[in-house]
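Just so it is clear, the structure is predicted and the values come from calculations on it, not from any experiment. Side-chain atoms are counted along with the backbone in the values below, which use heavy atoms only and exclude waters and symmetry mates.
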Amino acid sequence: LHRLIVMSATLDRSELEAYLRPCESVRSEGRAHPVEVSYIENRLANSGQPIWELAAQATAEALAQQPEGHALVFMPGAYEIGKTIAALGSRLSARAFELLPLHSELSAADQDRAVEGGDRRKVIVATNVAETSLTIDNVRLVVDSGQARVARYDPARGINTLWIEKISGASAKQRAGRAGRTAPGRAVRLWSERE
(Lines give C-alpha, C1' and ligand atoms only; values in the text may rest on other atoms or scores of the structure.)
Protein backbone atom coordinates (compact mmCIF):
# COMPACT_ATOMS: atom_id res chain seq x y z
CA LEU A 1 0.00 0.00 0.00
CA HIS A 2 1.43 3.37 -1.02
CA ARG A 3 0.24 6.73 0.19
CA LEU A 4 0.90 10.20 -1.09
CA ILE A 5 0.65 12.97 1.49
CA VAL A 6 0.70 16.63 0.46
CA MET A 7 1.12 19.19 3.25
CA SER A 8 1.33 22.96 3.28
CA ALA A 9 0.40 25.88 5.48
CA THR A 10 -0.51 28.08 2.51
CA LEU A 11 -1.83 25.64 -0.09
CA ASP A 12 -5.13 26.29 -1.88
CA ARG A 13 -6.81 23.12 -0.65
CA SER A 14 -9.87 23.18 -2.94
CA GLU A 15 -7.80 23.20 -6.16
CA LEU A 16 -5.56 20.39 -4.96
CA GLU A 17 -8.52 18.28 -3.80
CA ALA A 18 -10.15 18.67 -7.22
CA TYR A 19 -6.93 17.68 -8.97
CA LEU A 20 -6.31 14.62 -6.76
CA ARG A 21 -9.96 13.52 -6.56
CA PRO A 22 -10.86 11.10 -5.07
CA CYS A 23 -8.71 11.82 -2.06
CA GLU A 24 -9.07 12.29 1.68
CA SER A 25 -8.41 15.69 3.17
CA VAL A 26 -7.28 16.27 6.74
CA ARG A 27 -7.05 19.76 8.17
CA SER A 28 -5.00 20.61 11.24
CA GLU A 29 -5.28 24.12 12.61
CA GLY A 30 -2.07 23.80 14.59
CA ARG A 31 -1.17 26.57 16.96
CA ALA A 32 -0.71 29.98 15.44
CA HIS A 33 -0.54 33.25 17.30
CA PRO A 34 -1.74 36.55 15.82
CA VAL A 35 0.76 38.47 13.70
CA GLU A 36 0.29 42.18 13.08
CA VAL A 37 1.31 42.93 9.48
CA SER A 38 2.46 46.41 8.45
CA TYR A 39 3.95 47.93 5.31
CA ILE A 40 6.47 50.71 4.81
CA GLU A 41 5.30 54.07 3.53
CA ASN A 42 4.98 54.50 -0.23
CA ARG A 43 7.66 57.23 -0.26
CA LEU A 44 10.16 54.86 1.39
CA ALA A 45 9.23 51.94 -0.86
CA ASN A 46 9.99 54.12 -3.90
CA SER A 47 12.96 56.03 -2.45
CA GLY A 48 15.62 54.12 -4.37
CA GLN A 49 17.40 53.13 -1.15
CA PRO A 50 19.09 49.71 -1.25
CA ILE A 51 16.87 46.98 0.21
CA TRP A 52 19.40 46.31 3.01
CA GLU A 53 19.18 49.94 4.18
CA LEU A 54 15.37 49.77 4.24
CA ALA A 55 15.59 46.47 6.14
CA ALA A 56 18.08 47.78 8.71
CA GLN A 57 16.02 50.91 9.35
CA ALA A 58 12.74 49.00 9.66
CA THR A 59 14.32 46.33 11.89
CA ALA A 60 15.91 48.85 14.28
CA GLU A 61 12.65 50.81 14.56
CA ALA A 62 10.54 47.69 15.15
CA LEU A 63 12.95 46.25 17.73
CA ALA A 64 12.80 49.52 19.67
CA GLN A 65 9.04 48.95 20.01
CA GLN A 66 9.28 45.21 20.72
CA PRO A 67 11.24 44.52 23.92
CA GLU A 68 11.41 40.71 23.64
CA GLY A 69 12.03 37.94 21.16
CA HIS A 70 14.25 37.51 18.13
CA ALA A 71 13.96 39.09 14.70
CA LEU A 72 14.07 37.28 11.36
CA VAL A 73 14.92 39.39 8.30
CA PHE A 74 14.38 37.88 4.84
CA MET A 75 16.83 38.85 2.09
CA PRO A 76 17.26 37.32 -1.38
CA GLY A 77 20.87 36.12 -1.07
CA ALA A 78 24.21 36.04 0.74
CA TYR A 79 25.36 39.39 -0.70
CA GLU A 80 22.26 41.21 0.55
CA ILE A 81 22.52 39.39 3.88
CA GLY A 82 26.07 40.68 4.39
CA LYS A 83 25.06 44.24 3.49
CA THR A 84 22.05 44.05 5.85
CA ILE A 85 24.17 42.80 8.76
CA ALA A 86 26.66 45.64 8.18
CA ALA A 87 23.82 48.21 8.11
CA LEU A 88 22.30 46.72 11.28
CA GLY A 89 25.70 46.78 13.02
CA SER A 90 25.72 50.57 12.91
CA ARG A 91 22.16 50.78 14.30
CA LEU A 92 21.98 48.11 17.03
CA SER A 93 23.96 47.53 20.22
CA ALA A 94 26.31 44.53 20.02
CA ARG A 95 25.71 44.02 23.76
CA ALA A 96 21.97 43.63 23.27
CA PHE A 97 21.79 41.89 19.88
CA GLU A 98 23.62 39.11 18.08
CA LEU A 99 23.55 39.56 14.30
CA LEU A 100 23.60 36.25 12.44
CA PRO A 101 23.44 35.24 8.77
CA LEU A 102 21.52 32.15 7.66
CA HIS A 103 21.90 30.77 4.13
CA SER A 104 22.92 27.54 2.44
CA GLU A 105 26.55 28.58 1.79
CA LEU A 106 27.34 28.68 5.53
CA SER A 107 28.89 25.76 7.39
CA ALA A 108 26.56 23.56 9.42
CA ALA A 109 28.03 25.00 12.64
CA ASP A 110 27.31 28.58 11.53
CA GLN A 111 23.77 27.64 10.49
CA ASP A 112 23.23 25.99 13.89
CA ARG A 113 24.29 29.21 15.68
CA ALA A 114 21.34 31.00 14.11
CA VAL A 115 18.76 28.49 15.35
CA GLU A 116 20.18 27.61 18.78
CA GLY A 117 19.58 29.51 22.01
CA GLY A 118 21.86 32.25 23.27
CA ASP A 119 22.27 34.91 25.91
CA ARG A 120 21.28 37.88 23.70
CA ARG A 121 18.40 38.66 21.39
CA LYS A 122 19.14 37.55 17.85
CA VAL A 123 18.61 39.27 14.55
CA ILE A 124 18.84 36.49 11.97
CA VAL A 125 19.19 37.66 8.39
CA ALA A 126 18.20 34.76 6.15
CA THR A 127 17.30 33.66 2.66
CA ASN A 128 14.04 31.87 2.03
CA VAL A 129 15.63 28.76 3.61
CA ALA A 130 14.02 30.05 6.83
CA GLU A 131 10.62 30.42 5.15
CA THR A 132 9.55 26.79 5.31
CA SER A 133 12.33 24.37 6.17
CA LEU A 134 12.94 25.27 9.82
CA THR A 135 11.42 27.04 12.78
CA ILE A 136 13.51 29.37 14.92
CA ASP A 137 12.20 29.53 18.46
CA ASN A 138 11.03 32.86 19.91
CA VAL A 139 10.95 34.87 16.67
CA ARG A 140 8.56 37.74 17.36
CA LEU A 141 9.47 40.06 14.48
CA VAL A 142 9.77 39.35 10.76
CA VAL A 143 11.08 41.95 8.32
CA ASP A 144 10.42 40.85 4.76
CA SER A 145 12.26 42.28 1.73
CA GLY A 146 9.65 40.67 -0.52
CA GLN A 147 12.42 39.25 -2.67
CA ALA A 148 13.99 35.86 -3.36
CA ARG A 149 16.76 34.63 -5.61
CA VAL A 150 15.29 32.22 -8.15
CA ALA A 151 17.08 29.98 -10.68
CA ARG A 152 16.06 30.80 -14.25
CA TYR A 153 17.41 30.02 -17.70
CA ASP A 154 18.93 33.07 -19.44
CA PRO A 155 18.45 32.51 -23.18
CA ALA A 156 20.65 35.49 -24.10
CA ARG A 157 23.68 33.89 -22.39
CA GLY A 158 22.54 30.29 -22.77
CA ILE A 159 23.02 29.45 -19.07
CA ASN A 160 21.06 29.00 -15.88
CA THR A 161 21.43 31.97 -13.58
CA LEU A 162 19.94 33.39 -10.38
CA TRP A 163 17.51 36.29 -10.66
CA ILE A 164 16.10 38.40 -7.86
CA GLU A 165 12.31 38.31 -8.12
CA LYS A 166 9.34 39.42 -6.04
CA ILE A 167 7.87 36.67 -3.88
CA SER A 168 4.30 35.40 -4.15
CA GLY A 169 1.50 36.30 -1.76
CA ALA A 170 1.68 32.77 -0.34
CA SER A 171 5.40 33.20 0.42
CA ALA A 172 4.75 36.57 2.09
CA LYS A 173 2.07 34.93 4.25
CA GLN A 174 4.41 32.04 5.12
CA ARG A 175 7.21 34.45 6.07
CA ALA A 176 4.93 36.61 8.23
CA GLY A 177 3.70 33.49 10.02
CA ARG A 178 7.22 32.87 11.32
CA ALA A 179 6.62 35.72 13.79
CA GLY A 180 3.63 33.94 15.33
CA ARG A 181 4.95 30.44 15.98
CA THR A 182 5.53 30.73 19.73
CA ALA A 183 3.81 34.01 20.71
CA PRO A 184 2.04 37.00 19.14
CA GLY A 185 4.33 38.83 16.73
CA ARG A 186 4.76 41.46 14.08
CA ALA A 187 5.72 41.40 10.39
CA VAL A 188 7.00 44.44 8.52
CA ARG A 189 6.87 44.23 4.74
CA LEU A 190 9.34 46.39 2.83
CA TRP A 191 6.86 47.35 0.16
CA SER A 192 3.82 49.59 0.23
CA GLU A 193 0.40 48.15 0.98
CA ARG A 194 -0.73 49.26 -2.48
CA GLU A 195 2.01 47.14 -4.08
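Closest non-hydrogen pair, Ala148 versus Asn128, comes out as CB-ND2, 3.8 Å. Residues Ser104 and Gln111 approach most closely at O-NE2, 3.8 Å, considering heavy atoms. Residue Gly158 comes nearest to Tyr153 through the heavy atom pair CA-OH, 3.4 Å, listed as atom of the first residue, atom of the second, then distance. Nearest heavy-atom pair, Pro76 versus Thr127, reported as atom, atom and distance to 0.1 Å: O-CG2, 4.0 Å. Heavy atoms only, all atoms of each residue included: Arg120 and Ala94 are closest at NH1-O, 2.5 Å. Closest approach of Arg175 to Gly146, counting heavy atoms only: NH1-N, 3.9 Å.
A heavy-atom distance below 4.5 Å is not found between the side chains of Met75 and Lys83. Contact check for Asp144 versus Ile167: side-chain heavy atoms found under the 4.5 Å cut-off. Here the side chains of Ile164 and Glu80 are in contact, with some heavy-atom distance below 4.5 Å. No side-chain heavy atom of Glu61 sits less than 4.5 Å from a side-chain heavy atom of Val188. In this structure, Ile136 and Arg178 have side chains that are not in contact, with every pair of non-hydrogen atoms separated by 4.5 Å or more. Looking at Val37 and Arg189, their side chains come closer than 4.5 Å, going by heavy atoms from C-beta outward. By the 4.5 Å heavy-atom criterion applied to side chains, Ile85 and Pro101 are counted as neighbours.
With hydrogens and angles ignored, the 3.5 Å screen pairs a side-chain donor or acceptor of Arg121 with a backbone N or O of Gly69. At distances below 3.5 Å, at least one donor-acceptor pair connects side-chain atoms of Ser47 with backbone N or O atoms of Leu44. With hydrogens and angles ignored, the 3.5 Å screen pairs no side-chain donor or acceptor of Glu53 with any backbone N or O of Pro50.
Atom OH of Tyr19 sits in a sparse spot, with 12 or fewer heavy atoms from other residues, nucleotides or ligands closer than 6.0 Å.
In this structure, CD1 in Ile81 is found 7.0 Å from CG in Leu102, a value given to the nearest 0.5 Å. Rounded to the nearest 0.5 angstrom, Trp191 CH2 and Ile51 CD1 are separated by 9.0 Å. Residue Glu41 holds its CD atom at 11.5 Å from CG of Asn46, rounded to the nearest 0.5 Å. Going from atom CZ of Arg149 over to atom OG1 of Thr161 covers 9.0 Å, rounded to the nearest 0.5 Å. Residue Leu63 holds its CG atom at 11.5 Å from OG of Ser93, rounded to the nearest 0.5 Å. Going from atom CZ of Arg113 over to atom CD1 of Ile124 covers 11.0 Å, rounded to the nearest 0.5 Å.
Evaluated for a side chain to side chain donor-acceptor pair (under 3.5 Å) with Arg140, the options Glu68, His33, His70 yield exactly one hit, Glu68.
Residues Val125 and Leu100 do not share a hydrophobic cluster, defined by chaining ILVMFWY side chains whose heavy atoms lie under 4.5 Å apart. Residues Trp52 and Ile40 share a single hydrophobic cluster, defined by chaining ILVMFWY side chains whose heavy atoms lie under 4.5 Å apart. Leu190 and Leu141 fall within a single hydrophobic cluster, where Ile, Leu, Val, Met, Phe, Trp and Tyr side chains are chained together by heavy-atom contacts under 4.5 Å. By the rule that hydrophobic residues join a cluster once side-chain heavy atoms approach within less than 4.5 Å of another member, Val123 and Val143 end up as members of one cluster. Both Val73 and Tyr79 belong to a common hydrophobic cluster when Ile, Leu, Val, Met, Phe, Trp and Tyr are linked at side-chain heavy-atom distances under 4.5 angstrom.
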